[in-house]
Amino acid sequence: MPIPGHIDPVPVPRPAVVREDGRTDLIGLTRDQMRAVLADAGLEPKQAKLRAKQIWHWIYNRGATEFSAMTDIAKAQHPWLTERFVIGRPEVVEAQVSTDGTRKWLLRSADGQDYEMVFIPDADRGTLCVSSQVGCTLNCRFCHTGTMRLVRNLTAGEIVSQVMLARDSLGEWPSQPEGRMLTNIVMMGMGEPLYNFDNVRDGLSIVMDGDGLALSKRRITLSTSGVVPMMARAGEEIGVNLAVSLHAVTKEVRDEIVPLNRKYGIEELLQACADYPGANNARRITFEYVMLKDKNDSDEEARELVRLLKKYNLPAKVNLIPFNPWPGAPYDTSTPERVRAFSNIIFEAGISAPVRTPRGRDIDAACGQLKTAAEKKSRAQMDREAEEKMAALG
């Protein structure tokens, strides 16, 4: 068995999450899967097909969470459905609202695992930052989430249900494309989406389905730290916008702050970006670049970034992200003057390089800060226990 480490995900498949009440959660199932579980539960094939169509509409267009709300299904069948199935939502352990309007939810799965999602409102859009894993395996040194251990992948249903819960909270049912606060999704929460490829693909297919949550693929962005072998598949099978966590332009620095670089280097990563299906000037690849004081923020590194993007002829946009500090972080934030100078060099080369305004810092919801309160408490408890043991040993 391969040994889990800094770079590879845990390779052992984990058993599916089973609810204590034995019911099947319908969120995240395809239409065919929904029809199949209804048929397996005892419905005749034609009735299972009809009921699946009706339930799909009620779940994803009306936001129903109870079968009793489904008025075109006979009342006599509601108890039968309720006994066998559930329209799930994650448990909300804590919901916080930042002074800038950013919202963060600490969520808990049916098997007691905690993860987070964030909603960022702007004047012309509202972006939901969705998690793909409980914890993370990549250990990027600037990222607070990366200090967590990887527990498991989130299921397709758990990915979709984050969007459902956000719609609940924002009062956006019934579903319609106009006038929604939630207009965009970024797979930039906890975890590396391409290390949970199947569930991310299947979850986003429901989000993008015209009869599902009906969010255009042009309004969805998947962020990766550079899992090169999966990038082409992501373009072909998911087809959403691509964001790459680059953060450095030399092997030495990127090896340090993004350990995945030791396996898939910068040149290999940029070639995969050049080959990404559908990338063009209308659908540019976003390169995320966190600004770390005296680590990756020099004029020389800005010029090298320009050189690399032009070498691979990449339709690119560079998002410059002021580092969001957290207790014990090994880096400092670049000064505003340094960030502006770095940005100007890239802009002058004809490449867009906006500086991202930090959002939700006061509730630890900013980029790189996601880390569940439960994890914080458990680590704090472990630290106290370690101190007590040391004290006992004299």
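- Heavy atoms only, all atoms of each residue included: Leu107 and Gln162 are closest at CD1-CG, 4.1 Å.
- One hydrophobic cluster, built from ILVMFWY side chains closer than 4.5 Å, cannot hold both Phe287 and Ile345; they sit in different ones.
- The shortest side-chain heavy-atom distance between Met34 and Arg51 does not fall under the 4.5 Å cut-off.
- Between Asp332 and Lys295 no salt bridge is recorded (no basic side-chain N to carboxylate O distance below 4.0 Å).
- Between Arg23 and Glu83 there is no salt bridge, since no side-chain nitrogen of the basic residue lies less than 4.0 Å from a carboxylate oxygen of the acidic one.
- There is no path of hydrophobic side-chain contacts, each under 4.5 Å, that joins Val86 to Ile206.
- No more than 12 heavy-atom neighbours from other residues, nucleotides or ligands sit within 6.0 angstrom of CD on Glu20.
- Residue Asn281 comes nearest to Pro315 through the heavy atom pair OD1-CB, 3.6 Å, listed as atom of the first residue, atom of the second, then distance.
- Comment: Asp255 does not engage Arg262 in a salt bridge, judged by the lack of any side-chain N to carboxylate O separation of less than 4.0 angstrom.
- No side-chain donor from either of Thr30 and Asp32 sits under 3.5 Å from a side-chain acceptor of the other.
- In terms of hydrophobic clustering, with Ile, Leu, Val, Met, Phe, Trp and Tyr side chains grouped at heavy-atom distances under 4.5 Å, Leu43 and Ile73 are assigned to a common cluster.
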| task | Go through the steps for Arg31 and Asp211 under the test salt bridge (Lys or Arg N to Asp or Glu O under 4.0 Å), then give the verdict. | result | CA-CA 10 Å; Arg31 288 182 184 80; Asp211 294 324; 3.4 Å; yes

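- Counting only distance, with no hydrogens or angles, the side chain of Asp122 and the backbone of Asp124 share no donor-acceptor pair below 3.5 Å.
- Using a 4.0 Å cut-off between a side-chain N of Lys or Arg and a carboxylate O of Asp or Glu, Arg233 and Glu236 do not qualify as a salt bridge.
- Listed for the Thr65 side chain is no donor-acceptor partner under 3.5 Å among the backbone atoms of Ile87.
- Residue Asn261 comes nearest to Lys251 through the heavy atom pair ND2-O, 3.9 Å, listed as atom of the first residue, atom of the second, then distance.
- Within a 6.0 Å sphere centred on CG of Asn313, heavy atoms belonging to other residues, nucleotides or ligands number 12 at most.
- Heavy atoms from other residues, nucleotides or ligands lying under 6.0 Å from CD of Glu66 number 12 at most.
- Side-chain atoms of Asp209 never come within 3.5 Å of backbone atoms of Ser205 as a donor-acceptor pair (strictly under, hydrogens ignored).
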| task | Any chance you could lay out the side-chain hydrogen bond (donor to acceptor under 3.5 Å, both in side chains) test for Asp297 and Ser334, step after step, and finish with the verdict? | result | CA-CA 7 Å; Asp297 62 353; Ser334 300; 2.8 Å; yes

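- Under 4.0 Å is where a charged nitrogen must lie from a carboxylate oxygen, and between Asp299 and Arg338 at least one such pair does.
- Taking a 6.0 Å sphere around CD of Glu44, one finds it holds 12 or fewer heavy atoms contributed by other residues, nucleotides or ligands.
- Looking only at atom types and distance, the side chain of Arg218 has no donor-acceptor partner in the side chain of Asn241 under 3.5 Å away.
- Residues meeting the ring-ring contact (aromatic ring centres under 6.0 Å, His included) test with Trp56, sequence neighbours left out: Tyr60.
- Note on ring orientation: taking the six-membered ring where Trp is involved, the planes of Phe67 and Phe85 are perpendicular (angle over 60°, cut-offs 30° and 60°).
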| said: Please determine whether side-chain hydrogen bond (donor to acceptor under 3.5 Å, both in side chains) holds for the pair Glu267 and Tyr312, giving the CA-CA distance in whole Å, both sets of side-chain angles, and the decisive distance to 0.1 Å. | reply: CA-CA 9 Å; Glu267 302 273 352; Tyr312 288 91; 2.2 Å; yes

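- Only one option out of Ile159, Val200, Val160, Asn199 pairs with Leu154 in a side-chain contact (heavy atoms from CB on, under 4.5 Å); it is Ile159.
- Criterion: ILVMFWY side-chain heavy atoms under 4.5 Å apart, direct or through other members. Under it, Val253 and Tyr289 are part of a common hydrophobic cluster.
- The nearest pair of heavy atoms linking Thr221 to Ala243 is CG2-CB, 3.7 Å.
- Closest heavy-atom contact between Cys273 and Ile285: O-CD1, 3.2 Å.
- Between the side chains of Glu301 and Ser298, at least one donor N or O lies within less than 3.5 Å of an accepting N or O.
- Arg152 and Ser109 form a side-chain donor-acceptor contact under 3.5 Å, judged by distance and modelled atom types alone.
- Scanning all heavy atoms of the two residues, the minimum distance from Leu170 to Leu182 falls at CD1-CB, 4.0 Å.
- A donor-acceptor contact closer than 3.5 angstrom is absent between the side chains of Asn196 and Glu192.
- Note on Val306 and Phe347: separate hydrophobic clusters, where clusters join Ile, Leu, Val, Met, Phe, Trp and Tyr whose side-chain heavy atoms are under 4.5 Å apart, directly or indirectly.
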